[in-house]
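It should be emphasised that the depicted structure is a prediction, and the values quoted were computed from it without experimental measurement.
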Amino acid sequence: MHGYAHLFVPGPTNVPEPVRQAMNLPMEDMRAPDFGGFVKPLLDDLKQVFRTRTGRVFVFPSSGTGAWEAAFTNTLNEGDRVLMSRFGQFSTLWVEMAERLGLRPEVLDVEWGKGVPVTEYARILGADRSHEIKAVCVTQNETATGVTSDVKAVREVLDALGHPALLFVDGVSSIASIAFEMEDWGVDLAVAGSQKGFMLPAGLGLLGVSAKALEVSQAAGMRRAYFEFSDMIRLNDTGYFPYTPATQLLRGLRVSVDLLLKEGMENVWARQHHLAGGVRAAVRAWSGCGIVAAPEFLSDTVTTIRVPEGVDAVAVIRTAYDRYRTSLGAGLAQLSGKAFRIGHLGSLNEVMLIGAVGAAELALLDTGARIEAGSGLAAAITHYRNAKTAQQKAA
Ligand SMILES: *Cc1c(COP(=O)(O)O)cnc(C)c1O
């Protein structure tokens with residue numbers, strides 16, 4: 001087969017060439033005298049990506065799921081009440097983990113396509129006068145449905161009520177991609193993973209922890225071993241780790257953090273917004289297709305696309321892969337067969353996304369969708385051109 005294979009799933013994302021090359025190096029000694037001099041500034045610079053000044057960032061050799069577990073077990077006690085909401089596959093798994101660990105999640109089920117129910121959170125937290133709820137969880141970007149929730153609004157609810165619960169955010173598919181302000185939004189635990197906005201292979205669980213959460217962790221009584229914060233802190237402060245770090249991934253992370261900070265986080269967020277707009281324009285132009293996310297919850301990192309009645313979304317994804325060497329994201333759980341996803345986060349540009357739209361359009365046509373050939377492409381191209389013209393005028 002000639003040409004490239006195309007990857008448009010919402011994680012793992014495309015790895016930029018300089019990042020990939022930085023990981024291609026001989027094994028190194030993680031106890032070498034100069035290794036700490038590499039690690040310390042890396043951990044420090046990660047704080048700029050998470051936007052925390054007073055917190056710190058841990059890097060665990062795990063996936064994002066490990067960072068979820070680290071967050072819960074280091075800061076809570078068994079039986080603690082935790083306020084959560086469920087509106088997609090990832091928020092569902094997060095609730096399951098809380099249950100498995102012996103927490104008592106109070107779960108609000110929300111229709112898929114919408115996000116965190118802030119008013120309901122306010123009602124429940126307002127009624128919790130004895131402050132039994134110890135943590136409030138927000139899945140900032142539900143990757144299954146392409147829904148972005150308002151983290152800041154949840155912080156405002158907590159502040160208005162003077163409620164001391166810790167604020168947990170699942171930012172696995174949002175941190176390093178869309179606006180995230182750990183310090184300013186008072187986020188206590190911020191979960192991320194290497195294979196999404198950080199543009200790396202899977203294998204690192206990144207966790208931002210606020211000063212308040214660090215203090216709470218000293219008395220928190222849940223069982224934990226591998227993910228113990230205090231072991232990590234003791235070694236990280238000298239530039240080392242309590243167990244063998246994924247040195248290759250850390251070398252890649254150094255370059256990806258450099259790329260992000262050189263571009264500037266605000267510019268990264270603006271780029272994601274610009275790229276997402278073209279994909280959304282294409283979906284709106286495909287007759288019979290729809291965006292699963294309600295208009296006030298649209299995600300700039302992934303779009304979940306409902307296929308027309310009579311079309312099988314599994315066949316769309318399969319056709320894109322078999323005939324066009326293009327990976328589109330699957331519809332998960334209740335969206336299986338009904339929807340597919342285009343991941344538009346990480347290292348991408350307009351032409352790559354025109355390719356994604358083109359591949360989806362080919363596969364939709366091949367599987368019986370009555371869309372007009374070129375309709376989505378024309379809409380995406382027009383969106384990108386208009387947005388560029390507007391930028392140039394403003395400059
Ligand atoms: C990908 C993802 C996860 C799971 O992360 P893993 O790295 O696969 O463990 C959790 N939450 C969200 C929102 C995700 O997108």
Side-chain angles (χ1 to χ4, degrees), residues 11 13 15-16 18-19 22-23 30 35-64 66-68 70-71 74 140-141 151 168-214 217 227 229 231-243 245-269 272 345-347:
T13 65
V15 177
V19 174
M23 294 186 289
M30 83 290 190
F35 191 68
F38 159 70
V39 170
K40 277 177 71 163
L42 175 60
L43 294 178
D44 223 43
D45 290 346
L46 273 171
K47 288 163 62 175
Q48 293 179 55
V49 178
F50 280 71
R51 312 275 274 198
T52 178
R53 295 181 293 276
T54 56
R56 61 189 298 157
V57 180
F58 293 120
V59 180
F60 295 103
S62 76
S63 78
W68 270 351
N74 277 280
Q140 186 187 14
N141 193 78
V151 179
F168 283 56
V169 173
D170 176 349
V172 178
S173 63
S174 47
I175 293 171
S177 298
I178 60 182
F180 181 75
E181 300 281 4
M182 185 166 162
E183 191 83 32
D184 292 353
W185 298 347
V187 175
D188 293 298
L189 284 309
V191 176
S194 50
Q195 78 277 23
K196 297 189 184 169
F198 286 93
M199 309 173 286
L200 287 162
L204 298 178
L206 298 111
L207 181 64
V209 185
S210 72
K212 176 179 164 187
L214 286 169
S217 74
F227 290 116
F229 283 176
D231 294 342
M232 209 56 160
I233 292 170
R234 196 161 36 84
L235 275 297
N236 278 181
D237 281 349
T238 62
Y240 296 85
F241 293 88
Y243 30 64
T247 51
Q248 235 86 356
L249 289 172
L250 293 176
R251 292 290 174 186
L253 183 63
R254 176 70 265 173
V255 177
S256 83
V257 167
D258 286 344
L259 288 172
L260 288 165
L261 295 180
K262 188 162 167 242
E263 183 174 0
M265 294 317 297
E266 283 85 352
N267 296 328
V268 171
W269 305 336
Q272 294 293 343
L345 73 168
S347 184

Are [X] and [Y] close enough that some pair of their side-chain heavy atoms sits under 4.5 Å apart?
X: T54; Y: K47; result: no
X: W185; Y: F180; result: yes
X: I233; Y: L214; result: yes
X: L259; Y: E263; result: no
X: F198; Y: L46; result: yes
X: P245; Y: F35; result: yes

Assess whether side-chain contact (heavy atoms from CB on, under 4.5 Å) is satisfied between I175 and F50, documenting all intermediate values.
-> CA-CA 7 Å; I175 293 171; F50 280 71; 4.0 Å; yes

Quick one: does NZ or CZ of R56 land under 6.0 Å from the six-membered ring centre of F229, within 45 degrees of the ring axis?
->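 No; the conditions do not both hold, so R56 does not lie above the ring face of F229.
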
What closest approach, in Å, do [X] and [Y] show between heavy atoms, and which atom pair accounts for it?
X: L200; Y: G252; result: CD2-C, 3.5 Å
X: M23; Y: V15; result: CE-CG1, 4.2 Å
X: T238; Y: K40; result: C-CD, 3.8 Å
X: T13; Y: K196; result: OG1-O, 3.0 Å
X: R254; Y: D45; result: NH2-OD2, 2.8 Å
X: V39; Y: G239; result: CB-O, 3.2 Å

Begin with the C-alpha distance, continue with both residues' side-chain angles, and end with the deciding distance and a verdict on side-chain contact (heavy atoms from CB on, under 4.5 Å) for L260 and M199.
-> CA-CA 10 Å; L260 288 165; M199 309 173 286; 4.2 Å; yes

First locate atom [atom1] of [X], then atom [atom2] of [Y], and finally report the distance between them rounded to the nearest 0.5 Å.
X: S194; Y: L253; atom1: OG; atom2: CG; value: 8.0 Å
X: F60; Y: Y243; atom1: CZ; atom2: OH; value: 5.0 Å
X: N236; Y: L43; atom1: CG; atom2: CG; value: 5.0 Å
X: L249; Y: Q195; atom1: CG; atom2: CD; value: 10.5 Å

Pairing residues for D170 by the salt bridge (Lys or Arg N to Asp or Glu O under 4.0 Å) criterion, not counting sequence neighbours |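 If we apply the salt bridge (Lys or Arg N to Asp or Glu O under 4.0 Å) test to D170, skipping adjacent residues, there are no hits.
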
With sequence neighbours excluded, residues passing side-chain contact (heavy atoms from CB on, under 4.5 Å) with D231 |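 Applying side-chain contact (heavy atoms from CB on, under 4.5 Å) to D231 gives E228, R234, P242.
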
Cut-off 3.5 Å, no hydrogens considered: what does the side-chain donor-acceptor table look like for residues 202-210, sequence neighbours left out?
{"residue": "S210", "atom": "OG", "partner": "D188", "partner atom": "OD1", "Å": "2.7"}
{"residue": "S210", "atom": "OG", "partner": "K212", "partner atom": "N", "Å": "3.4"}
{"residue": "S210", "atom": "OG", "partner": "A213", "partner atom": "N", "Å": "3.0"}

In sequence, state the C-alpha distance, the side-chain angles, and the governing distance for N74 and F58, and then conclude on side-chain contact (heavy atoms from CB on, under 4.5 Å).
-> CA-CA 12 Å; N74 277 280; F58 293 120; over 6 Å; no

Q272 (side chain) donor-acceptor with A176 (main chain) under 3.5 angstrom |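 No, the answer is negative, given that no donor and acceptor are paired below the 3.5 Å cut-off.
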
Check whether any side-chain N or O of Y240 sits under 3.5 Å from a backbone N or O of G36 as a donor-acceptor pair, and report yes or no.
->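 Yes, Y240 side chain to G36 backbone: donor-acceptor pair under 3.5 Å.
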
Can M182 and V49 be said to form a side-chain contact (heavy atoms from CB on, under 4.5 Å), step by step?
-> CA-CA 9 Å; M182 185 166 162; V49 178; over 6 Å; no

